[in-house]
Amino acid sequence: MHFEYSIIEGDFVNAGAASSAVKKTLKQLNLSPVVIKRVVVALYEAEVNAIAHAYGGTIYVDIDSEKIFMKVEDRGPGIPDLELAMQEGYSTARPEVRDMGFGAGMGLPNIKKNVDKLVVNTKVGEGTTVEMEVCFVE
Amino acid sequence: MEKNTFYHALQIDEDKCIGCSHCMKICPTEAIRVCNGKARIFENRCIDCGKCYKVCFSKAIYLKQDDFDSIFDYKCRVALVPAVFLGQFPTDIRPSRIYAVLYELGFNHVFEIESAVSIYAYLKNLYARDHTDDYPLISAFCPAIVRLIQVKFPSLVNNIIPVKPPVDITAMYARKLLEEQGCNPDDIGLFYITPCAAKIAAVKSPVGEEKSIINGVINMDVLYNRVYKKIKEQGKNYVAPQFSKARLSSDAILSSLTNGERRLCMAKRSLSIDEIDNVIEFLEKVENDEIEGIEFLELRACDQSCAGGVLVCENRFLVSECMYARARKVAERERNGETTRDLEINKERDYLAKNSMVESIKPRSMMVLDKDISKALEKMERIREIKNMLPQTDCCFCGAPTCDALAEDIVRDNAQLTDCIFIQRSLEAVDNMKISEAIDITKKIWGNEKLNISNDE
Ligand SMILES: Nc1ncnc2c1ncn2[C@@H]1O[C@H](COP(=O)(O)OP(=O)(O)OP(=O)(O)O)[C@@H](O)[C@H]1O
Ligand code: SF4
Ligand code: SF4
Ligand SMILES: [Mg+2]
C-alpha cells in the first residue's frame, strides 16, 4: 500500500498529521504496539525536521506484509555536516522553533534508535531525503 | 481463553427506539449502527461511556440493573455509597440523615466508598515511583477510560496504573470487617450505588480479574428517588435515628470530581482531563509520543467527572458545587483539629494493599482488520477503493455513522456498497437498479414505518 502526504513549511500546528494517519493505518494491521510506536516516533521526528529546518516537502509511505518504508523528502537548505547533525544535542534550531519546544537536537538520533534502516541523502542548497525502514517481525 | 464479548449495562429498548441515529452520531467509538429502524450496539466496541444514553430523547436506551429487592437475598446488606450520591441532595439535608434513610430502606451497613481514597492514592504513588518508564501513567479510576484505551489505544495499556478503584478497596474492607464481626461470608451482600454505566460494566465483567467481590449494583437515580421521597414524607421535623455518620476527609469527598485524584498525586507535572472526546484528543498525542514531561493523567469519561455520570440526578455543575461546599466545611474542621483524617480502614492498609492490584489489562483492539497482515492489507486497500466511491457527506443514510465507517463495514461484510444512497442514485441513473430495489434497501436499514408506503402496492 502506498500513501503520500505533503508537509508545509512552518506548519507546526499540523506537525504529526502524517504520523497520526500512518499510526491509524498500522493499528488496523494487528502489529505490536512497540513496532507502531517506533514507526510513529521516527516519522514524527522526520516530519518536524522538514517543517522546522526545511521549506516543507513530501512524505512517501509504502507498507507491505513485512515492513514499512518511509521517505521524507524536502526542498530545504540541506545538512552541511551530517555526522554532526546525527549527534545527540546538536541543533541549529532558530529561537522561535525552540520556543515551541523543539530544538533539543534529539530528533535524528531518535530516528536512528527506532528504525531498522536509515539513509539520509542531503545536498546543501537542494534538500534532504530521509529514508527509513521498520520491519514488522523481529 | 480470550473473552470476546463484554458485559454492557446499556441496552436498547426496541419498542421505544425510533431509529433516529442521534446515538450513532455521538458514539466516540462508532459502536452503533441503525438496522431495521433500530439502533444496535456492537458489544466489542462499546466502552460504556454513556454518551448515547444522554443523547437519546426517546429514552430508548436504558441501564440494566439489579432489582432493589435483591438486597434482601442477603442477611447482611451493605450499601457502598459514593460521595456524588450525597452531592445530589440540597445542602440542608445532612449526610447522616441520608444514610439513615438507607437503613430504613433495608440496608444494615453503609460504607462510604471514598474512605479508601488515601490507600488508593498511596498505592498509585507507590506504583508511579517504580514505573517511570511508563510515564505518563493513567489512572484506572474511570472504567470507561480503561476500556477506551483497550479498544482504541492498545499501545497505552501499560500506561494504566493497575490499582483497583476505591470502590473495590472499600468493598474488600467491608467484607473483611463484617466477616471478622462474625458474619457468614455467604450472608454478606455488597451493593454498589453506581453513578454510571461504566461502573456497572466494571462490576459485572471486571477488566483483568475473574469476578468482582461486589454482589450487585443499584442505579443511583433509582435510589435517589426513593431516598428523596422518604425524606419528603418524613418532613422537616423528623428526628432521624443516628446510624452512620459521614466521615470522609475533604480530599476524599472531592476525589471523584475533576482534579480530585490529581490533587493527591505526587507527580511534578500532571493533568486532569474530563469528557471523552477531550480524552481521545489528548490520548492521540500521548500515543504519538508528542507529550513530554507529564507524569500522571487523570482521565474521566464524563464532563465534570462523576458529577456528570449518566445516573446522577442533579445538574453536574450543581452537584460538583455542592460537593465542594461540603468539602470546604470538612476542611475547616480539619484545620481546627476537630476531626481526624485517620479512618479505621487505614489500619488495614497492608492487607488491602496486597489485594488491590489488577492482574493485567490487555489490549483488545477494535481496529484490527485481520489477524493476518497480508489479509489486513488487502482489506485496507479495498476500504480505500470504497472510500473513494463514497460521497464523504457522512449523511448516515446508510445506517453507519460516517462514510468511512460504511467502507469498513462493507469490507468486514457487515454492509453493502448499495446501502449508500448516492450509489443507489448512480445505479438508478444508468438503469442498473430499480427504484423498488433501492426502497427495499432503505427499508432494511430504516424499517418500514419511516417510508410511509402501504405494503399492498
Ligand atoms: N530536513 C532537514 N533540513 C535541514 N537541516 C536539518 C534537517 N533535519 C535536521 N537538520 C539539521 O540537523 C540538526 C539536528 O536535527 P535533530 O532533529 O536531531 O534536532 P533538532 O531538530 O534541532 O531538535 P529536536 O529534533 O530535538 O527538536 C538540526 O538542528 C538541523 O540543523
Ligand atoms: S456507551 Fe458510549 S461507547 Fe457504548 S454505544 Fe453508547 S456512546 Fe458508544
Ligand atoms: S467519569 Fe465517573 S461517572 Fe463518568 S463514566 Fe467515569 S467513573 Fe463513571
Ligand atoms: Mg528535529
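Computed from heavy atoms alone, side chains included, the values below leave out hydrogens, waters and symmetry copies. Note on naming: letters A, B, ... go to the chains in the order of the sequence lines (proteins, then strands), and numbering restarts at 1 for each one.
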Practice item. Return yes if a side-chain donor-acceptor contact under 3.5 Å exists between B:Glu287 and B:Ser155, otherwise no. Key: yes

Study note, to complete from the structure: Honestly, the part of A:Thr25 sitting under 4.5 Å from a heavy atom of chain B is both

Review point. Of the backbone (N, CA, C, O) and the side chain (C-beta and beyond), which part of A:Leu43 lies under 4.5 Å from a heavy atom of chain B, both, or neither?
Key: neither

Practice item. Measure distances from A:Lys37 to the heavy atoms of chain B and classify the residue's part below 4.5 Å as side chain, backbone, both or neither. Key: side chain

Exercise for review: Go through the side-chain N and O atoms of B:Thr258 and B:Asp274 and say whether any donor and acceptor fall under 3.5 Å apart.
Suggested key: yes

Practice item. Measure B:Ser374 against the heavy atoms of chain A and call it side chain, backbone, both or neither at under 4.5 Å. Key: both

Exercise for review: Could you look at B:Glu292 and say if it's the side chain, the backbone, both or neither that has a heavy atom under 4.5 Å from chain A?
Suggested key: neither

**Study point:** Toward chain B, the part of A:Leu29 with a non-hydrogen atom under 4.5 Å
**Key:** both

Check your understanding: Passes ring pair (Phe, Tyr, Trp, His ring centres under 6.0 Å), A:Phe102 versus A:Phe12? Steps please.
Key -> CA-CA 10 Å; A:Phe102 303 100; A:Phe12 286 97; 5.2 Å; yes

Review point. Among side-chain atoms of B:Glu298 and B:Ser139, is any donor-acceptor pair under 3.5 angstrom?
Key: no

Study note, to complete from the structure: When rounded to the nearest 0.5 Å, the distance separating CG of B:Asn288 from OG of A:Ser20 is 4.0 Å

